[in-house]
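Notes to accompany the following structure.
Quick note: residue numbers are just sequence positions, from 1.
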Amino acid sequence: DSLVTPFMLDYLAAQGLLRDRLSPWNAIPSEGAACLLMSREPGPAQVLACATMQETQSLSDPGRGLLGRALCAAVDQVLSPAMAGISEVFSDSTVERWRSEELGVVRSERPRLSAEGVSWRYITQRTGEMGAATGLISMAAACHQRAGALILSSDRAGDRAAAVCLPVQV
């Protein structure tokens, strides 16, 4: 799902989604790959829960409501009310308007994610937009934290995902 193929670059340019002098807030597409080694053996971190949902609102529908309900539902599936210790939220969000809407809904409807002591990390600020690899890179970064982390991922097709990663206590 490379964002730097000629077809994708033409598509992104036609949609006004590339960074240029008129749109300095848009993403700069880049190429990336990620691989995670998953094991049943003890390791530095443990993925406790993960969930996926499908957003019913269409990005191309000018009459659509705010996005974010599907990502909220995924968060609800992975965060039990009793689960404490989430101190980091990793998001693959970029500066696109739909992603801002989505995170605004999540942060306003799930206030515990915006509580004092919860830090938000936007992996694309460090890596650029890397498509599907961005979610896995967020997961890898979250696995190296000292406390629990929530990972959020969204794509233009409407897929939404959330996962919880905790460090293994030795």
Is the side chain of [X] donor-acceptor paired with the backbone N or O of [Y] at a distance under 3.5 Å, no angle test?
X      : Y      : result
Gln57  : Gly65  : yes
Glu55  : Arg156 : no
Trp120 : Ser114 : no
Asp92  : Ser154 : yes

Does [X] have any salt bridge (Lys or Arg N to Asp or Glu O under 4.0 Å) partners at least two apart in sequence or in another chain, and if so, which?
X      : value
Asp76  : Arg110
Glu88  : Arg121
Arg107 : none

Grab the two heavy atoms, one from [X] and one from [Y], that are nearest each other, plus how far apart they are.
X      : Y      : answer
Glu102 : Gly68  : CG-CA, 3.8 Å
Gly135 : Ile151 : O-CG2, 4.3 Å
Ser138 : Ile123 : OG-CG2, 3.1 Å
Ala51  : Ala74  : CB-O, 3.8 Å
Ser93  : Tyr122 : CB-CD2, 4.2 Å
Leu22  : Asp20  : N-OD1, 2.9 Å

Starting at [atom1] of [X], measure out to [atom2] of [Y] and round the result to the nearest 0.5 Å.
X      : Y     : atom1 : atom2 : answer
Thr5   : Leu12 : OG1   : CG    : 8.5 Å
Arg146 : Ser87 : CZ    : OG    : 11.0 Å
Ser119 : Ile86 : OG    : CD1   : 12.5 Å
Leu9   : Leu18 : CG    : CG    : 6.5 Å

For side chain to side chain contact (heavy atoms under 4.5 Å, CB included), just list the numbers for Arg160 and Asp155, CA-CA rounded to whole Å, side-chain angles, deciding distance to a tenth of an Å, and then say yes or no.
-> CA-CA 7 Å; Arg160 305 296 186 256; Asp155 70 16; 4.2 Å; yes
Could you note down all residue pairs passing side-chain hydrogen bond (donor to acceptor under 3.5 Å, both in side chains) where residues 62-72 supplies at least one of them, sequence neighbours left out?
->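 Listed once each, the pairs are Arg64-Glu101, Arg69-Glu109.
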Residues that Leu136 engages under side chain to side chain contact (heavy atoms under 4.5 Å, CB included), provided they are two or more places apart = Ala34, Leu36
Do [X] and [Y] touch side chain to side chain, with heavy atoms closer than 4.5 Å?
X      : Y      : result
Leu79  : Arg112 : yes
Thr52  : Asp159 : no
Val106 : Val89  : no
Val118 : Leu150 : no

What residues join Val105 in its hydrophobic cluster, counting side-chain heavy atom gaps under 4.5 Å, either direct or through other members?
-> Leu66
Should Leu67 and Met53 be counted in the same cluster of Ile, Leu, Val, Met, Phe, Trp and Tyr side chains packed under 4.5 Å apart?
-> no
Residues Ile137, Arg126; criterion side chain to side chain contact (heavy atoms under 4.5 Å, CB included); working and verdict = CA-CA 11 Å; Ile137 292 169; Arg126 306 260 188 228; over 6 Å; no
